[in-house]
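Heads up: the structure comes next, in structure tokens.
Per chain, numbering begins at 1; letters A, B, ... match sequence-line order.
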There are 2 protein chains.
Amino acid sequence: MTQSKSPSERRAHLVRLAGDLFAEKGFRATTVREIADAAGILSGSLYHHFDSKESIGDEILSAFLEDVLAGYREAVRDTPDPRTAIEQIVRSSTANLSRHRAALTMLQNDWNYFSGQPRFAYLRTTMKEIEQTWIELLERGKQTGQFRADLDTRLTYRLLRDILWLPTSWRSSATWSTDQIIDGLLRLLFDGIRA
Amino acid sequence: MTQSKSPSERRAHLVRLAGDLFAEKGFRATTVREIADAAGILSGSLYHHFDSKESIGDEILSAFLEDVLAGYREAVRDTPDPRTAIEQIVRSSTANLSRHRAALTMLQNDWNYFSGQPRFAYLRTTMKEIEQTWIELLERGKQTGQFRADLDTRLTYRLLRDILWLPTSWRSSATWSTDQIIDGLLRLLFDGIRA
DNA sequence: TGGTACCAAGCAAGCGTTCGGTCAAGGGCG
DNA sequence: CGCCCTTGACCGAACGCTTGCTTGGTACCA
């Protein structure tokens, strides 16, 4: 089972273990002793690989946000059609969110903790770019007549962005497949629930 | 300013102060010393009024859930029409949520902490009843032809319930009025964003 | 022999909570 | 009226425990 470990790949393994715990309990609520337990070592030994608990969180969050930003940029680059771009953003975001469940829980539970620290200033920066992308897409959609003209873009953006990473925090995601969730989300988003 | 305090009304005042902190930082992240500071007393003195920090949380959560349940029951009692009932639920929930902002933050941030304890078993009970109400309304709406027949009721319920208490956690709610949010929410919900 | 990976032990700070004591307000009583 | 004695609200200090993190040492592999 415990096959030979590569040089610095062991570090990535520890990050993954920590991420699993962060995804379930959040960052602050997870102790370094729990992370060490999951790895089968003592808590002090973690500090051979990381200089702080925050560093682990940093690694998880920055990796996530990089992927998310890449998805957004790719979507607006690939197509001029707002509706298609939004659909692609929803798909790439959903994929990223399920690959980085820990990051989402951390952003939701410990946003106050992270966003205050200078080290995590990139959190706000990235959010700004995401917001800008959404607003431009929604505005363009209104101009082309695809979206309702009475749409409050900023309000709609806030709703959509948050709605988008709601399902990821559902623990019993075994109930629905990713495709099911995406389809339900897109239909609700574009058409509402009315017949 | 500090007018004479009534007998046990001082206790309610402390609960309100604690609630303001819980609404901003969550339950676990708020310390009893911070609560005491806000009240201008020492942390130990809090235990003259409450037997534990959890008791304060209990008071806030149960009061909130009582109001929410009352709103749901009233909505389904007042009208047989699913669409009208849902609209009324959205309005009553929004009102309750803005009156009990602390409870929502606690449910979102510290759900794991509370839901595990027997003392807070009523959390799960209430959620069950809310879920049941939504599902029955959505099913009835499908049968009457008001809602799309291909709606996955359970998935839609999950989305709607969570979407409903999203805007409350937005700190800068000064940007939009409550009515604006409700309108945007209802339009998105029933009609989607498409023209 | 030198470096990597870990252990064993412990530190300071912070947590929720407890406890003995103080002190002003106020009702009963002579 | 003047005295006593209860009571509620709070202080000051500490308790036991958990937190993230540090330190000194050691086994092992190249």
Side-chain angles (χ1 to χ4, degrees), chain A residues 1-19 21-22 24-61 102 106 109-110 112-114 116-117 119-120, chain B residues 1-19 21-22 24-61 102 106 109-110 112-114 116-117 119-120:
Chain A
M1 288 299 125
T2 55
Q3 62 196 80
S4 62
K5 307 92 194 253
S6 51
S8 75
E9 194 179 315
R10 183 131 192 95
R11 179 191 165 100
H13 178 60
L14 289 172
V15 174
R16 243 173 284 132
L17 287 179
L21 293 169
F22 294 159
E24 276 171 31
K25 315 181 48 180
F27 180 79
R28 300 190 68 176
T30 303
T31 71
V32 292
R33 273 169 252 263
E34 286 172 322
I35 301 172
D37 278 357
I41 61 178
L42 290 192
S43 73
S45 308
L46 275 180
Y47 289 81
H48 177 71
H49 305 274
F50 310 95
D51 59 336
S52 72
K53 184 189 174 188
E54 271 178 23
S55 294
I56 309 181
D58 198 344
E59 227 155 289
I60 293 177
L61 285 178
M106 292 162 69
N109 279 266
D110 311 292
N112 284 336
Y113 175 77
F114 288 122
Q117 300 178 237
R119 172 175 194 170
F120 293 94
Chain B
M1 289 300 124
T2 55
Q3 62 197 82
S4 60
K5 307 93 195 245
S6 50
S8 74
E9 193 180 315
R10 184 128 191 96
R11 178 191 166 100
H13 177 60
L14 289 173
V15 174
R16 244 173 284 132
L17 286 179
L21 292 169
F22 294 160
E24 275 170 33
K25 316 181 47 179
F27 181 79
R28 301 189 66 177
T30 303
T31 72
V32 293
R33 274 168 254 263
E34 286 172 322
I35 301 172
D37 279 356
I41 61 177
L42 288 193
S43 70
S45 307
L46 276 179
Y47 289 81
H48 177 70
H49 306 273
F50 309 95
D51 59 336
S52 71
K53 184 188 175 189
E54 271 177 23
S55 295
I56 309 181
D58 198 343
E59 227 156 289
I60 293 177
L61 285 178
M106 292 163 70
N109 278 267
D110 311 292
N112 284 336
Y113 175 76
F114 289 121
Q117 300 178 238
R119 172 175 195 172
F120 293 94

> Excluding sequence neighbours, so at least two apart, what forms salt bridge (charged side-chain N to carboxylate O under 4.0 Å, His left out) with D110(A)?
Replying inline: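 Result, salt bridge (charged side-chain N to carboxylate O under 4.0 Å, His left out) vs D110(A): none returned.
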> Taking only residues two or more places apart in sequence, or in another chain, which ones meet E34(A) in a salt bridge (charged side-chain N to carboxylate O under 4.0 Å, His left out)?
Replying inline: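 In terms of salt bridge (charged side-chain N to carboxylate O under 4.0 Å, His left out), with neighbours along the sequence ignored, E34(A) is linked to K25(A).
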For [X] and [Y], work out which heavy atoms get closest and say how close.
{"X": "E59(A)", "Y": "V15(A)", "answer": "OE2-CG2, 3.6 Å"}
{"X": "A102(A)", "Y": "G19(A)", "answer": "CB-O, 3.1 Å"}
{"X": "R28(B)", "Y": "A29(A)", "answer": "NH1-CB, 4.1 Å"}

> Counting only side-chain N and O atoms of H48(B), is one of them less than 4.0 Å from OP1 or OP2 of dC10(D)?
Replying inline: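 The answer is no; no side-chain N or O of H48(B) sits under 4.0 Å from OP1 or OP2.
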> Under 4.0 Å: is that the gap between some side-chain N or O of H49(B) and OP1 or OP2 of dC10(D)?
Replying inline: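 Yes, within the criterion.
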In whole angstroms, how far is the [atom2] atom of [N] from the [atom1] atom of [X]?
{"X": "F50(B)", "N": "dC10(D)", "atom1": "CZ", "atom2": "C1'", "value": "14 Å"}
{"X": "H13(B)", "N": "dA9(D)", "atom1": "NE2", "atom2": "P", "value": "13 Å"}
{"X": "L46(A)", "N": "dA9(C)", "atom1": "CG", "atom2": "C1'", "value": "16 Å"}

Residues that [X] engages under side-chain contact (heavy atoms from CB on, under 4.5 Å), provided they are two or more places apart:
{"X": "V32(A)", "value": "S43(A), L46(A), Y47(A), K53(A)"}
{"X": "H48(B)", "value": "none"}
{"X": "Q117(A)", "value": "E54(A), Y113(A), F120(A)"}

> What does nucleotides 25-30 of chain D look like as a protein-contact string, B for base, S for sugar-phosphate only, - for none, at under 4.0 angstrom between heavy atoms?
Replying inline: ------
>> Treating primed atoms plus P, OP1 and OP2 as sugar-phosphate and everything else as base, which nucleotides of nucleotides 18-24 of chain D get B, S or - for protein heavy atoms under 4.0 Å?
In response: -BBBB--
> Do the side chains of F22(A) and I56(A) get nearer than 4.5 Å, heavy atoms only?
Replying inline: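 Yes - at least one pair of side-chain heavy atoms lies under 4.5 Å apart.
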> What pairs with R119(B) under side-chain hydrogen bond (donor to acceptor under 3.5 Å, both in side chains), at least two apart in sequence or on another chain?
Replying inline: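 Scan of R119(B) (side-chain hydrogen bond (donor to acceptor under 3.5 Å, both in side chains), adjacent residues dropped) gives S55(B), D58(B).
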Is there any protein nitrogen or oxygen under 3.5 Å from a nitrogen or oxygen in nucleotides 20-25 of chain C, and what are the pairs?
none

> Reckon L42(B) touches a base, only the sugar-phosphate, or nothing at all at heavy-atom distances under 4.0 Å?
Replying inline: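 Here L42(B) touches the bases of the nucleic acid.
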>> So, applying side-chain contact (heavy atoms from CB on, under 4.5 Å) with I35(A), which one of L21(A), I41(A), L14(A) is it?
In response: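 The single option meeting the side-chain contact (heavy atoms from CB on, under 4.5 Å) with I35(A) is L21(A).
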